[in-house]
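Here's the structure, in structure tokens; my notes come after.
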Amino acid sequence: VASSLRRWPRIWVCAGVLFSTLHSAQAGVAVSEMLLLGSWREKNGGGIVTAARASQHGVNRRLWEASERGSSKEIDRSLLDGAEVDSKGPGLWTALHFAARFGHTKSAERLIEAGARTELRSKAYFTALHHAAMRGHAETARRLVELG
């Protein structure tokens, strides 16, 4: 696949669906991310990777990354773009797990206001509260208890 991408950088096929660079840019998914979608598809119930599923994954990924950075503005933008507040990323972490792990209290509050569930557990069976407490983020942990 990588060699065909070098020869045809604007058009490629993934799981029987034709994609173009313009199409992937509109969907918010980079070419390198499309190469990773094969393994993502296997972990998320299989099926054909459609442009809609690729787009949803890209929006959710932006939410996880914004939560990791503590950017409330980007969190709001991702949610407005249709990100699922409780979508599960690597290790079955939600955006709230990322915000709590890095001590971003305001981001965690914003996610809970948007409907994030505090009881969801990661693959290692940790909640967002576990992540905040393990990393010594007392203020974030306190707010999770108050809001959760």
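Position 1 is the first residue of the sequence; numbering continues from there.
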Where do S87 and W64 land on the side-chain hydrogen bond (donor to acceptor under 3.5 Å, both in side chains) test, with the steps shown first?
-> CA-CA 9 Å; S87 61; W64 306 324; 3.1 Å; yes
In this structure, OG of S78 is separated from CD of E65 (nearest 0.5 Å) by 9.0 Å
Verdict with supporting geometry, T127 and T118, side-chain contact (heavy atoms from CB on, under 4.5 Å) | CA-CA 7 Å; T127 64; T118 58; over 6 Å; no
If the threshold is 4.0 Å, N to carboxylate O, is there a salt bridge linking [X] and [Y]?
X    : Y    : value
R69  : E74  : yes
R143 : E146 : yes
E139 : R142 : yes

Check [X] against [Y] and note the closest heavy-atom contact, atom names and distance.
X    : Y    : value
L144 : A100 : CD1-CB, 3.9 Å
R117 : L120 : NH2-CD2, 3.2 Å
F98  : E68  : CB-N, 3.9 Å
I75  : L63  : CG2-CD1, 3.8 Å

Looking only at the aromatic ring of each residue, does the gap between the centers of H131 and W93 stay below 6.0 angstrom? yes
query = Is there a side-chain contact (heavy atoms from CB on, under 4.5 Å) between L92 and R121 once you walk through the steps?
reply = CA-CA 8 Å; L92 301 179; R121 295 180 180 268; over 6 Å; no
With a 4.5 Å limit on heavy-atom distance, are the side chains of S107 and S67 in contact?
no
Are there more than 12 heavy atoms of other residues, nucleotides or ligands under 6.0 Å from atom CZ of R135? no
Does the N60 side chain pair with the main chain of E84, one donor and one acceptor, at a distance under 3.5 Å? yes
Without hydrogens or angle criteria, can the side chains of T105 and T140 be said to hold a donor-acceptor pair below 3.5 Å?
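Short answer, yes.
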Residues in side chain to side chain contact (heavy atoms under 4.5 Å, CB included) contact with A116, at least two apart in sequence or another chain
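Partners of A116 under the side chain to side chain contact (heavy atoms under 4.5 Å, CB included) test: V85, D86, L96, L111.
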